[in-house]
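Remarks on the structure that follows.
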Amino acid sequence: MTHASNPFDALMDITARPQTVFVRGEGAYLWDDSGKRYLDFMQGWAVNCLGHSPAVVADALAAQAKLLLTPSPAFYNGPSLKLAKALVENSCFDQVFFANSGAEANEGAIKLARKYGTLHKNGAFEIITFEGGFHGRTLATMSASGKKAFEPLFEPKVSGFRKARLNDLNSVKQLITDNTVAVMLEPIQGEAGVWPATDQFLNELRALTKEHGLLLIVDEIQTGMGRTGKLFHYEHAGIEPDIMTLGKGIGGGVPLAALLATEKAACFEHGDQGGTFNGNPLMCAAGLAVLDEVSKPAFLKASVETGLFLESELQKLSARHGLGDVRGRGLLLALDLKLPIGAAIVAQAFEAGLLLNSPQPDALRFMPALNVTREEIAQMIDGLDAILTKASAARRVA
Ligand SMILES: Cc1ncc(COP(=O)(O)O)c(C=O)c1O
């Protein structure tokens, strides 16, 4: 047995992390154990839709913690019934299964589609997913993902996923066989660098899947819960998918995810799906507090305006520094850097007390809290402006 030589050694080293310990968060800010403050435009990777430790979530958790933590998934509890009802009332779906992570919700969606294939499509089991897509880190969701870096990992893959190209309907059509049961996509590919499916493509996909009797599964783990200016992204396209997964924002910072399905698609039978913590009242109480805020028309309207402001400020910044396009929707945006300098910018921003994310070497992704203020956006733009000015001066000298 080895002895930990520093406080980080006892945790598995699964990703590169700065050796900084975060101790407190409030709204748009995080503090580390030295008292340094950071302006956060990652927010737990699009998780804290109401900012860090919002009072409504903290209060809901505290109140629920005193009442009931978990009665067991063998029994009903109030918060999960209420949250399921609220999600159904606010969407085109009829039933909900709660999960603890996005990957688990997607795993459930894959199982549900296969069950549907068994019951209604002569055992069809293949799901068409997309190059560049990201659906999680379980074996099946890694196999469903179209992330290049996943390709050599953990062989053999779970079979039954065929990859089409985003916004290319023909590439989908060519993959449809008698074995196909569903098409699954992120309306905006987040991890790939914020690449949106067009509304037209989503419409065409809905028509195509209907024509072939296939299920349409939208992975709204990143785009859902108001992130792109509607409660759910599919609303922008005016379509009604058969299955949707939610994660990240739904818990406002706590581990909660959900699998939603229409009556036709919700075909699990007893024994098919479950889990010890699924739908536990503590997390569902947080989910209710979040949904209550985010579903308010005034909240969504304000976040749309803030998103447009962030977009125009990024466009101005891009023009000043000769960078590329700003893409995305609402408060899920990316700036094309045109050069593979994302990681260097993120590191310098960290030093300067600004938390940014670079999902691809040549892009920065912005996913602040949905209630981020214009002042906080202006502060982030100033910080990034200074870093880009320094970076281009260094390039000129080199
Ligand atoms: C679109 C999408 N699907 C699934 C996941 C996986 O969610 P989790 O990390 O909660 O398992 C993510 C996480 O980044 C995601 O962005």
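For ligands, and for the atoms within them, numbers begin at 1 and follow the listed sequence. Any value given below was found using the heavy atoms of this structure, including those in side chains, with hydrogens, waters and symmetry copies removed.
By the 30° and 60° cut-offs, the orientation of the rings of Phe350 relative to Phe22 is perpendicular. The aromatic rings of His236 and His233 sit perpendicular to each other, their planes meeting at more than 60°, with 30° as the lower class boundary.
Compare Ala103, Ala46, Gly133, Pro255 by their heavy atoms: the one nearest to atom 11 (O) of ligand 1 is in Ala103. Considering His135, Glu186, Glu191 only, the shortest heavy-atom separation from atom 1 (C) of ligand 1 involves Glu186.
Between the CG atom in Leu231 and the NZ atom in Lys296 there is a gap of 13.0 Å [rounded to 0.5 Å].
Between the side chain of Glu376 and the backbone N or O of Thr373 there is at least one donor-acceptor pair closer than 3.5 Å. Checking side-chain atoms of Gln348 against main-chain N and O of Lys390 turns up no donor-acceptor pair under 3.5 Å.
Not a single heavy atom of Glu220 sits closer than 4.0 Å to an atom of ligand 1. The closest approach between any non-hydrogen atom of Trp45 and ligand 1 is not below 4.0 Å.
The protein heavy-atom contact nearest to atom 12 (C) of ligand 1 is Phe134 CE2, 3.5 Å.
Partners of Phe150 by ring pair (Phe, Tyr, Trp, His ring centres under 6.0 Å), not counting sequence neighbours, listed by chain and number: Phe134.
Per-residue contacts place Ser101 under 4.0 angstrom from the following atoms of ligand 1 (heavy atoms of the residue considered): 10 (O), 11 (O). Taking every heavy atom of Gly102 and a limit of under 4.0 angstrom, the matching atoms of ligand 1 come to 7 (O), 8 (P), 10 (O), 11 (O). Interface of Asn106 with ligand 1, defined as ligand atoms under 4.0 Å from a residue heavy atom, comprises 3 (N), 4 (C).
Ionic pairing of Lys115 and Glu269 is present here: one or more N-O contacts between side-chain nitrogen and carboxylate oxygen are shorter than 4.0 angstrom.
By the 3.5 Å distance cut-off applied to N or O atoms, Ile221 is not counted among the residues near ligand 1. Taking only nitrogen or oxygen atoms, main chain and side chain alike, Glu104 does not reach within less than 3.5 Å of ligand 1.
When non-hydrogen atoms are compared, ligand 1 lies under 4.0 Å from the side chain of Lys248 (C-beta onward) but not from its backbone.
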